Amino acid sequence: MVIEDYSSLLLAQDILEEQTEELSTLLKKAALVAVVLVVMVVLSVVAVRYSQASEPYIREVLALHGDSTRGEAIFRMNCAVCHGLEANGEVGPKLLGVSDRKTKVGLIKQVIGGKTPPMPQFQPEARDMADLLDYLEKI
Ligand code: HEC
């Protein structure tokens with residue numbers, strides 16, 4: 001647009017103002033979308049954590065105080081055949097320091113899940129699982 005007189009200058013100013021307004025509404029919308037996305041991500045992370053910890057069996061195990069001495073005995077009878085008497089690996093991987101790479105919930109799920117054959121699915125009593133967990137966290 002070529003500015004030839006005062007009235008077209010005013011018109012140009014109007015157009016500019018309108019465009020600035022449109023841009024700022026657009027930016028506000030983008031900011032709103034960004035906030036909504038962040039909230040959704042946070043909520044889904046919380047939901048996953050909550051749903052894992054809210055499984056009744058897992059909650060029951062986590063509420064107990066494990067005894068690693070009993071846990072070691074349980075380990076020797078059920079797990080050592082594959083993971084070794086000292087948990088340093090046979091058919092199954094070495095488990096020393098396993099709690100550095102797996103959470104409590106992850107360890108419980110590994111034992112009761114049966115998702116990684118040939119490791120079988122175990123169904124220990126909550127008390128036994130708590131003891132086993134305490135042992136796995138100490139090695
Ligand atoms: C028949 C053999 C076998 C027996 C018995 C067994 N496991 Fe395993 N376990 C495995 C194998 C094989 C893997 C590796 C699975 C994979 O990741 O594909 C494994 C993986 C694991 C892992 C994950 C290790 C990691 O680094 O992520 C844990 C923890 C574990 N076993 C604990 C146990 C416990 C506790 C018991 C006893 C209650 C047990 N296992 C009994 C074979 C066995």
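Predicted model, so just to flag it, every value in this text is computed and none were measured. Just so you know, ligand 1 is whichever comes first in the structure, and atom 1 is the first atom listed for that ligand.
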Number the atoms of ligand 1 from 1 as they appear, then name those within less than 4.0 Å of a heavy atom of Leu107, with their elements. 29 (C)
Looking only at atom types and distance, does a side-chain atom of Asp131 sit under 3.5 Å from a main-chain N or O of Asp67, one as donor and one as acceptor? yes
Do me a favour and list the nearest non-hydrogen protein atom to atom 26 (O) of ligand 1 with residue, atom name and distance? Arg101 NH2, 2.7 Å
First locate atom OG of Ser24, then atom NZ of Lys29, and finally report the distance between them rounded to the nearest 0.5 Å. 10.5 Å
Pair Lys109 + Glu55, salt bridge at N-O below 4.0 Å: yes
Please check: side-chain N/O of His83 versus main-chain N/O of Pro93, any donor-acceptor pairing under 3.5 Å? yes
Please state which protein non-hydrogen atom is closest to atom 5 (C) of ligand 1 and give its distance, to 0.1 Å? Asn78 O, 3.4 Å
Please could you name the atoms of ligand 1 that Pro118 approaches to less than 4.0 Å, counting only its heavy atoms? 1 (C), 12 (C)
Element-labelled atoms of ligand 1 that are located less than 4.0 Å from some non-hydrogen atom of Pro120: 1 (C), 3 (C), 4 (C), 5 (C)
Under a 4.0 Å N-O cut-off, is there an ion pair linking Glu72 with Arg76? yes
Ring pair (Phe, Tyr, Trp, His ring centres under 6.0 Å) pairs, two or more places apart, involving residues 19-44: none
Proximal protein heteroatoms (N, O or S) of atom 8 (Fe) of ligand 1, under 2.8 Å: His83 NE2, Met119 SD
So, does Glu90 use its side chain to make a donor-acceptor pair with the main chain of Gly84 at under 3.5 Å? no
Nearest non-hydrogen protein atom to atom 27 (O) of ligand 1, with distance, is Lys102 CE, 3.2 Å
Short side-chain to backbone donor-acceptor contact, Ser68 and Gly71, under 3.5 Å: no
When you measure from the side chain of Asp134 to the backbone of Ala130, do you find a donor-acceptor pair of N or O atoms at a distance under 3.5 Å? no
